[in-house]
Amino acid sequence: MSEQAGASNFIREIVAADHAAGKHGGRVVTRFPPEPNGYLHIGHAKSICLNFGLAHDTPGGICHLRFDDTNPTTENPEYVQAIQDDVQWLGFDWHEKMLFASDYFERLYEFSVRLIQKGLAYVDTLTAEEMRTYRGTLTEPGKNSPSRTRSVEENLGFFRRMRAGEFADGTHTLRAKIDMASPNINLRDPVLYRIRHAAHYRTGNIWCLYPAYDFAHPLSDALEGITHSICTLEFEDHRPLYEWVVEQAEAPHRPQQIEFARLNLTYTIMSKRKLRELVEKKLVSGWDDPRLPTIKGLRRRGYTPEAIRAFCDHIGVAKREAIVEMQLLEYFIREDLNKRTPRVMAVLRPLKVILDNYPEDQSEELEAVNNPEDPSAGTRKVPFSRILYIEQDDFREDPPKQFFRLAPGREVRLRYAYIIKCVGVTKDLQTGEITELHCTYDPTTKSGASQEQRKVKATIHWVSAAHAVKAEVRLYNPLLVTDLAKVPLDHDWTTYLNPNSLERITSCLVEPSLRQTVPGTRYQFERLGYFCTDQDSTSGTLIFNRTVSLKDAWAKIEKAQPAR
RNA sequence: UGGGGGAUCGUCUAGCGGUAGGACGCCGGCCUUUGGAGCCGGCUACCUAGGUUCGAUUCCUAGUCCCCCAGCCA
């Protein structure tokens, strides 16, 4: 990574100040703590960039990758692997510190025993429903559970038997003894342990007792010597509990919890629950569907880790909830791809063009620039012949104002080739549909041949019919037709999915240099956008994903024009 | 309604008592064999009302609006 350290923000300031003051012995240890119950998305990327970036930019800093795997019913190794892949792909290194909360189960148990011995935790026999009633409401205080007065010995006995598997799920919990009347509901004797007779993907059936987040998280942080425990805003209310646990359990270290606002993006979904719903209901092809904002989806779509990191650096870190416009993400991927991708010509919706005055048996190889942004990318040869295909959008029989492209009697330049003039239009007699164009070319206008003063208003891309390769192209549009924040809660959110989020065009033609393309390769299709070869692409069936379109000035003009 | 947070251009974000800055976006121009890229110029903001102060986006007070919390999820 050669880019500069991330832009400053309030968390960086806190960390820098702590580091300068020698707090925590001058160490900075952060952590990215996903639960392995789903795939990472760009919201996680923000957290990853923050946590790993902070560690990276602080001398001696380190960031742990810790799996918060305290709930055996939702987690599995597939997710663990996917998360590692994604963090690595994004360009970050946990330096051997890949850790698991499940590795702390025994020590966590010891901490809870200590709490019981101090009279600060008790085994409760209330059912879940009773517990809810006893908890009170936002405005009314809760009531003490009858179990709250059990003796230390009794609690210890119960807790041991819970661990031994003597009780069924839901019959007992271990609760912190704090304050049932606290205005902060998280402090009304939160559950520390629950019974789950379920196999954990790492600890198997060793445990039937699992620590809750509010207990496992602060202590895991403390055990790892985390100095700055960065999480999202919804945990602000939990901070007093976090501190209570660390303090009362007499943890070896006191991490500091700091909260920031999670990322939201317009026209997409950033909730793990909803993403899973899309995958499970098969509304998308999988976690790596290029329409999703998952890391895997963005990657398959053609996003680069550099662009995602640049985006994360630029959106900033603050406490106010924000919805970032998708255009900002698109800006960063365009900027990155503009500099690095080779240009090629591809016609998505072909319209046949016959050059009446070009000899039938002739063809030639024209030189094309691979990347005008990068001279070192060199040039390539593109075949040219009498019959070509151009984009349907590049011809209008009755051109509107400001339409500079081809029309009857008009001239345009074929990129890297000649200036042509449209002299005839052939239509299907039945449908009236334009089937082919007759044009003449001007042999004196060959690209680069002379700096003749003849100007044309447009240059369009093309492929040679005899040489072009067939391809499928997948265009992606926003997943949603609106922002979910605006959708009433009682509405089924899936009704706001964009029915046209995926457009498959199967009759595209691409220049022959793409015949040997390999999955994951990125290109700019001139005048259209950035594309990458899909993982499903084979030498027999080329498939390209559109990462993002190019900025389209004409589309904007056309949209602004009055309907004709 | 109890508690915890947050309000600055259309959207993100900076500001730390002294000219409200940047980015995206939008508008206009230049340039161009990509209506791409690049370049130049422009656009619009401190939630409200009081107070402190020579001076307030910043400090204080009172409101308003938005978000989060009543899982044995994280």
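These values consider heavy atoms only, across backbone and side chains, with no hydrogens, waters or symmetry-generated copies. If you're wondering where the values come from, they're calculated on a predicted model, not measured in any experiment. Throughout, a chain's letter reflects where its sequence line sits, starting with A, and its residues are numbered from 1.
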Could you check whether [X] makes a cation-pi contact with [Y], meaning its NZ or CZ is under 6.0 Å from the centre of the six-membered ring and within 45° of the ring axis?
{"X": "Arg150(A)", "Y": "Phe158(A)", "value": "yes"}
{"X": "Arg66(A)", "Y": "Phe100(A)", "value": "no"}
{"X": "Arg163(A)", "Y": "Tyr109(A)", "value": "yes"}

[X] side chain, from C-beta outward: closest of [options]:
{"X": "Pro183(A)", "options": "U34(B), G2(B), A74(B)", "value": "G2(B)"}
{"X": "Arg194(A)", "options": "A14(B), C72(B), C27(B)", "value": "C72(B)"}
{"X": "Ile315(A)", "options": "C12(B), G15(B), G35(B)", "value": "C12(B)"}
{"X": "Arg343(A)", "options": "G36(B), C68(B), G25(B)", "value": "G36(B)"}
{"X": "Glu373(A)", "options": "A70(B), U34(B), A37(B)", "value": "A37(B)"}
{"X": "Leu328(A)", "options": "C12(B), G6(B), C24(B)", "value": "C24(B)"}
{"X": "Ala322(A)", "options": "C12(B), G35(B), U34(B)", "value": "C12(B)"}
{"X": "Asn338(A)", "options": "U33(B), A70(B), G36(B)", "value": "G36(B)"}

Check your understanding: In whole Å, what is the span from the NE2 atom of His238(A) to the P atom of G3(B)?
Key -> 18 Å
Practice item. For Gln524(A), answer base if it contacts any base atom (sugar-phosphate contacts may also be present), sugar-phosphate if it contacts only those atoms, and nothing otherwise; contact means non-hydrogen atoms under 4.0 Å. Key: base
Check your understanding: Within the structure shown, what part of the strands sits under 4.0 Å from Phe332(A) by heavy-atom distance: base, sugar-phosphate, or nothing?
Key ->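 Result for Phe332(A) = nothing.
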Can you tell me, in whole Å, how much space there is between the [atom1] of [N] and that of [M]?
{"N": "A74(B)", "M": "U61(B)", "atom1": "P", "result": "39 Å"}
{"N": "A45(B)", "M": "G22(B)", "atom1": "P", "result": "14 Å"}
{"N": "G5(B)", "M": "C9(B)", "atom1": "P", "result": "23 Å"}
{"N": "G21(B)", "M": "C16(B)", "atom1": "P", "result": "13 Å"}
{"N": "G10(B)", "M": "U44(B)", "atom1": "C1'", "result": "8 Å"}

Check your understanding: Do Arg31(A) and Glu224(A) meet the salt-bridge criterion of a basic N to acidic O distance under 4.0 Å?
Key ->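 Judged by the 4.0 Å cut-off on N to carboxylate O distance, Glu224(A) and Arg31(A) do not form a salt bridge.
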Got a donor-acceptor pair under 3.5 Å from the side chain of [X] to the base of [N]?
{"X": "Glu325(A)", "N": "G10(B)", "result": "yes"}
{"X": "Arg527(A)", "N": "U34(B)", "result": "no"}
{"X": "Glu236(A)", "N": "C67(B)", "result": "no"}
{"X": "Thr459(A)", "N": "U34(B)", "result": "no"}
{"X": "Arg320(A)", "N": "G5(B)", "result": "no"}
{"X": "Asn184(A)", "N": "G4(B)", "result": "no"}

Check your understanding: Do any N or O atoms from the side chain of Asp189(A) and from the backbone of Arg175(A) form a donor-acceptor pair under 3.5 angstrom?
Key ->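 Not at all, since once roles are kept as given, no pair shorter than 3.5 Å links the two residues.
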Check your understanding: Which ones in residues 124-134 of chain A lie close to RNA chain B, meaning a heavy atom under 4.0 Å from one of its atoms?
Key -> Leu126(A), Thr127(A), Ala128(A), Met131(A), Arg132(A)
**Study point:** Lys339(A) vs A37(B): side-chain N/O to OP1/OP2 distance below 4.0 Å
**Key:** no
Practice item. For RNA chain B, produce a single dot-bracket line, 5' to 3'. Pairs: Watson-Crick or G-U wobble, both distances under 3.5 Å. Symbols: ( ) within strand, [ ] crossing, | other strand, . unpaired. Key: .((((((..((((....[..))))((((((.......))))))...(((((..]....))))))))))).....
